[in-house]
Structure formats: structure tokens, C-alpha cells
Amino acid sequence: MKFEILAPAGTWESLVAGVRCGADAVYLGCKALNARRSAGNFNDDELKNAAAYCRARGVKLYLTLNTLCGDGELTEAYGIVENALSYGVDAFIVQDFGLAEMIRNCFPQARLHASTQMSVMSPQGVKALEDMGFSRAVLARELSAAEIAEIRENCGIELEMFVHGAHCMSVSGQCYMSSVIGARSGNRGLCAQPCRLPFSAGDGHGYALSLKDLSLIGKLAEIEKTGVVSLKIEGRMKRPEYVAAAVTALKKAVKGEYRADDEETLKSVFSRSGFTSGYFDGRLGKNMFGVRRKEDVTAAAPVLKNLSRLYEKENPLVPIDMEFECGRGKPMLLKARALGKSVEVTGSVPEPARTKALTQTEAEERLSKLGATQFYPGKIKVEIDGGLNVSASALNALRREAVEKLTAAEKFSVNALPMPCILPRAVGAEPYFTARFSDARRIPAHHPFARVFIPIWSDDGAFGDLHAGVEIPRGLFGKEKEITERLIELKKSGVNKALCGNIGSYRLAKALGFEAFGDFGLNVFNSIAARKFNSPILSFELSLGQANAVNAEDTGIIGYGRLPLMLARNCPVKNDIGCVKCGRKGALTDRTGARFPVVCSPYPCAEVLNSVPLYMGDRLRDIKTDFIHFYFTDESAEDVLRIISLYKAGAKADFPFTRGLYYRGVK
């Protein structure tokens, strides 16, 4: 089996552990704009040193710029990319569509990897990334083996997948729980992990949102069949011993040497009630859930010391080929080749031997003594005239100088184009209204909405009677063919608008001739991203000031509705109390007694909604975007009429509500 083993590096110690244990590549972040801002991370000098360290050992380095970026942060991102390229960073892992566009346009040489935060889960999604210039996609963790293979068959870029580490309950990029509840955004690298706290659909004493950690290390033969090229280990917040254990286990698995005791070591160093492979196997259910128990914590102590020994010394990872020429009357010459480079060093003129002359075998032995370096001897060729003497120190000095030249830090040229200036938008006319309804039967006969969208599974007649567009589910797992067939039916019946919260559904809708509109799930956070989509609904993680300043044609914000906090493939209510008891009226209760409705659908995901709706009816003057979107979920027909009436009057709400993040923003 041939895979790239990709290790996390939240600190310098973890970087060293991953490299010395045999990782083919590492990924790390700078101090800003990365999805693990609470990790140690790397300042500019440390990034430069990290790039040199990796390059000297034949290891690739990928820099994470995998957060949403506001307009005011794109200049900082530009500088980070420019410096990183000059240090020889191999690729950039990116979530934000606007940031990706800026990098592609300003730095043509940069290699882009699409973060799992982009929520790519279908063939059309990966094709969309290919269209945008990405060379690799990091797939959603919730995909099964069959679904990954289907993607591989329909795309031409590299695929990377997580094979070990923490599992989020929500699809990555589609979790807003931490930000809406505590203003700490997972999409901005500061997730507070509220999902690990008690949530229950039953008696209030469960952990309905806490999954076990993922581990697929024992399934590499199955993974190989899917066409994935890179195996990613999660864990930039973990200690270096964890990195060493995971990389070592993967190296063994690639060689077919992974055993039960290796898995036990991994469980000891970190797990939550053990591991799960449920998504990959296509077996969802209660056995995927777990918490960090006392015995999980205490199990680590006995194994940490042994794991630290795996990386305490430099390991010989890189072959070095050498040619040594020692001729009478001319300086000694050593040519060395490694890491794709060739160097030459010269020494003094050898003297005639008084007693014992240097032999070919002795020269080969001395050149092979690479000591505590990252090199091991490859092909060694020696040409020596007879009767010459060369001291061990002189030959050692030649070898050391050659190694130093091969590993010297390099300065890489950067072909940078200037970043276009982004100006704040001019204030336009009074915003118009749009809406989505979970149930077409709740749409009033007379309403103020310029565009109305209803779910794809709604009755055919509802679309025509209401002149409605189709809302395509954000969760596309394994359903793209089915969704395509349904969209073709709707198109033939006269439906011509589609609301798309995933890059895969957006590309699909356009390909089928729909007028595609961008939904909130695209996480549009800046002006460059907003210009990529038609009439986008901006991220509700933006402050109102930021949203008002986004300079693109026809942008909107959600002005009313229960904000969807999670998109989950594994329904927490089903796993806690079962579908019969739920009766499609399920909800989760947290430790404070707050109730979060859970909405299921005919498609393979459930949504966890906020406990109270967002309301801006009495703050309409503060909204300067082109339109305001209403997100109706569990409201009755009477509730809908009342909400419309309140907004028309600009009146205060007469029910519990939130302003979301519009006045407090996220960190």
C-alpha cells in the first residue's frame, strides 16, 4: 500500500515527533486564521524554521488557513501566503471560498487543498473544487467507503481523509453551536466544544452529541480501494506522544504489521470510550457515541514515556548517494545527492601514504557514518588512486560539509500579483424579503416575500401553486443521483430557482439550468466569496456591521428564524430515545434546561435548531443588506402570519428571542 501519512503539528515538539516517526507530510497553522487557534501554532520565524526542518527531511508541509476570513483579514492572509511560499511551504489548506480565490489569483504557484470545513461530500462538490483550481479535497468525515469510491470515480483531483482522531457530531463547517451560544466559532478556530457537555432527548442525563474518536487505521486495505491518497491524523491540540503513537501505528498498518496491542496503545494515549468506524462502515447508531471517562484519562500515564522515546533522537529517514574522488596531485572531491539536490565539496590534496594507504572499503565506511543525522547511506561510489593517505577527520569534514549544504535553508521565489482593493459597499434601497419554509402548507396566500423556497421533497403541486423555488438539502451524502433525478423532474414541471447551501448542490443546480442562489451553509464571510455566488445569504456568524459592509451584488442576511446549530448525519434523538418515541417532534435538552428542536427529513441528516428564534423586526433600520431572509422551521401557519405582521410594523417581539451574533460578533 502506498499512502501519504499526514500528521498534525500544533507545536514544535509535535512537528518533530511526527517527522521523526515517519510522517510523509505535516500540517500546521500560524498564530492567526487557522482552525485550531488554541494550539501552540507557529509565528513567522517558527514557520520558516519548520519549513526548513521538513524540507531537510523530505517531508511536505501544509499550512492551514482554514477559517472564514473577513474583508479586513484578507490583507493579513496575503502576507502569510507570500511569506510561506518564500519558505517553501508545499500547500495551503483553505476553507473560505473568498480566500481561496484570492490565493489562486494572486499566487498562481500556490497549491490549494480544500479543508474538510468546506463540507464537501459529493462528486459535484469535488468537481466544483476542481473548477476552482484546488488540487486536493479533504473529504467530510461522515462519508462511507462506497460514497468515497463514488467521488473518486467522478473527479480528477487528489482525495484526503481523516483516519484517526476526534469526531465532531456536526458536519465540519456546518456547526454553529459554539458561536451562537458562546461567540466562540468553530469556523474561526475557537470552538468551545459545547457538544461534549450533557445533552439528552430523554431523561436529561445523557451525552447525545458526543461521539467516540475515529480510528480507521486497521482498515487501510478497504481505504486503498476507495482511491484516497492521503491519510490524515487529527490532533493539533494533542501532545507530541499522541502524534508519535498515531504516526507509528499508521506506518505499521501500511506495512501490514498493525496489531491489537498497537490499537490499545492508541486508546491509552487518547480516546473517548474507545474508537468508532461507523461512518466509514455505513453503520450508524448508539455504538458510535462516547465520552472521555476517568479510565480513559488514567490510561495515558503508563504509555507516555515509551512513546516519547520514539522521537527523542533523529531517525535516518532520507537516503544520500555519494561519489568520492581521491586522485594524486588534486583536491579531494565529494559529490552528494539527496532530497532532489546535488552538492559538491572539495578538500585538500591528499598526501602520499607513509605506512598504510586509504582503501576503498575504509573510505566507504567513513562516508557511511552519518551519525545522528536524518540521512542513511544510499549508493556510495569511491575512486582512489593507490598509495594515498587521507585522515579520518578530513573525510569526516567533507561528509559533514556535504550534509550541511544539502540541508541548508533555501529562499524560494514568489510570483505574487497585487491583491485587489476591497471597498465597503454603498448603502442601497430598503431591503426586500425572502423566505424558506419547512412546510409549504404554512405559506400564507398573500405574503411579502420576493422569493420563496420549499424543500425538495415537497409535493409537486406546491411548487407551481406557490411559484416556489426548491431548497436543496445541505446533507448530500450518497444522495446526489437521487437529488439530480428529483431536480430534473422539478425543472420539467417549471421550477427554475434553487437555494443551495453546499458547493456541490450549487454546481449541480447550475448544470441543470436552475437559477442557483447561495444559502447560509456556504459560509459566505467576505466580499470576494459573496461575488462567487448569486444573491448569497451571508454567514450569520458575521456581525451586522461586517455584513452591511460586504461589497457584492444582492446580498442578504437571515433576519428571522431558529438558526440551525448543527447538521448531523447521526440523529441524536434517534440514538437516544428512538424514532417512535420522537414522533418527528424531537428535541435535545441541555444541562440548563434549554430545549433545542431536532428536525429530521427524508434525506440523511438531522438539524439541531437553536432554542429560541433570531428576531430583528424592531431593528430593521440597522440592516443595510439588499434583502432579509426568513428561516421558517417549526412555526405554525398562525405563527408565520404573526411574524410577518410584526416585521411589517417594525414591532418588538412578544416571545423569547435572540439577536444572534449581529451585535456581538464572534472571536
Side-chain angles (χ1 to χ4, degrees), residues 8 10 36 38-39 141-142 162-172 174-179 181-182 184 186 190-218 233-239 241-242 245-246 263-281 283-304 565-578 581-582 586-596 598 606 608 611:
R36 292 292 183 271
S38 297
R141 278 170 255 214
E142 296 78 11
F162 283 92
V163 295
H164 190 79
H167 244 333
C168 294
M169 182 65 185
S170 175
V171 175
S172 293
Q174 302 301 308
C175 185
Y176 310 98
M177 180 171 278
S178 180
S179 60
I181 292 176
R184 290 173 59 88
L190 287 175
C191 180
Q193 295 189 318
C195 55
R196 301 297 181 186
L197 298 172
F199 282 87
S200 177
D203 59 10
H205 299 290
Y207 289 85
L209 296 177
S210 183
L211 291 175
K212 293 178 181 178
D213 279 19
L214 164 74
S215 192
L216 302 176
I217 296 177
I233 301 165
E234 183 276 337
R236 283 192 287 141
M237 300 287 288
K238 302 286 200 315
R239 60 196 309 155
E241 293 91 343
Y242 165 90
E263 183 171 327
E264 287 304 313
T265 298
L266 287 174
K267 287 180 181 177
S268 296
V269 74
F270 195 93
S271 76
R272 290 182 173 89
S273 311
F275 298 134
T276 179
S277 59
Y279 286 131
F280 185 78
D281 297 335
R283 297 176 183 171
L284 282 60
K286 289 184 178 181
N287 62 352
M288 288 189 66
F289 289 76
V291 295
R292 186 85 166 133
R293 306 164 302 181
K294 182 179 179 180
E295 53 265 42
D296 295 326
V297 176
T298 57
V303 302
L304 293 179
L565 303 184
M566 280 189 175
L567 179 72
R569 190 167 191 185
N570 215 335
C571 179
V573 176
K574 177 181 178 180
N575 291 315
D576 200 353
I577 64 173
K581 193 172 181 180
C582 168
L588 296 175
T589 304
D590 71 3
R591 67 196 189 285
T592 71
R595 185 177 182 277
F596 299 83
V598 177
V608 180
S611 56

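Heavy atoms only, all atoms of each residue included: S210 and R272 are closest at OG-CD, 4.5 Å. Between T276 and H167, the shortest heavy-atom contact is CG2-CD2, 3.7 Å. Contact between N287 and K212 at its shortest, heavy atoms only, is O-NZ, 3.1 Å. Scanning both residues, R292 and S271, for their nearest heavy atoms gives NH1-O, 2.9 Å. In terms of heavy-atom proximity, L216 sits nearest to F162 at CD1-O, 3.9 Å. Contact between V291 and S273 at its shortest, heavy atoms only, is O-OG, 2.9 Å.
Using a 4.5 Å cut-off on side-chain heavy atoms (C-beta onward), T589 and S200 make no contact. The shortest side-chain heavy-atom distance between L214 and Y279 does not fall under the 4.5 Å cut-off. Using a 4.5 Å heavy-atom threshold, the side chains of F280 and V163 count as separate. In this structure, the side chains of F275 and E263 come closer than 4.5 Å at one or more pairs of heavy atoms. Residues V171 and E142 are in side-chain contact: their nearest non-hydrogen atoms beyond the backbone lie under 4.5 Å apart. Here the side chains of V573 and K581 are not in contact, with every heavy-atom distance at 4.5 Å or above. For the pair M566/C175, a side-chain contact is recorded, criterion being any heavy-atom separation below 4.5 Å from C-beta on.
Side chain of R141 to main chain of S172: no donor-acceptor pair is present (N/O by atom type, distance under 3.5 Å, no hydrogens or angles). Although no hydrogens or angles enter the test, the distance criterion places a donor-acceptor pair under 3.5 Å between the side chain of N575 and the main chain of C571. Between the D590 side chain and the T592 main chain, a donor and an acceptor come within less than 3.5 Å of each other. Of the possible donor and acceptor atoms, one in the side chain of R196 sits under 3.5 Å from a partner among the backbone N and O of L211. Formation of a donor-acceptor pair under 3.5 Å by the S170 side chain with backbone atoms of A568 is not found in this model. Looking only at distances, a side-chain donor or acceptor of S179 sits under 3.5 Å from a matching main-chain atom of Y176.
Taking H164 as the reference, S215 meet the side chain to side chain donor-acceptor pair (under 3.5 Å) condition, with sequence neighbours excluded. Under the side chain to side chain contact (heavy atoms under 4.5 Å, CB included) criterion, R184 pairs with S38, S178, L190, A192, K667, sequence neighbours left out.
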For Y207 and L197, run side-chain contact (heavy atoms from CB on, under 4.5 Å): C-alpha distance rounded to whole Å, both residues' side-chain angles, the deciding distance at 0.1 Å, then the answer. CA-CA 7 Å; Y207 289 85; L197 298 172; 5.7 Å; no

Check against side-chain contact (heavy atoms from CB on, under 4.5 Å), M288 and M169: CA-CA 10 Å; M288 288 189 66; M169 182 65 185; over 6 Å; no

Run the side-chain contact (heavy atoms from CB on, under 4.5 Å) test on D213 and K267 for me, step by step, so that the C-alpha distance in whole Å, both residues' side-chain angles and the decisive distance to 0.1 Å come before the verdict. CA-CA 9 Å; D213 279 19; K267 287 180 181 177; over 6 Å; no

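Annotation: salt bridge (charged side-chain N to carboxylate O under 4.0 Å, His left out) contacts involving residues 567-578, sequence neighbours excluded, comprise E147-R569.
Heavy atoms from other residues, nucleotides or ligands lying under 6.0 Å from CZ of R283 number 12 at most.
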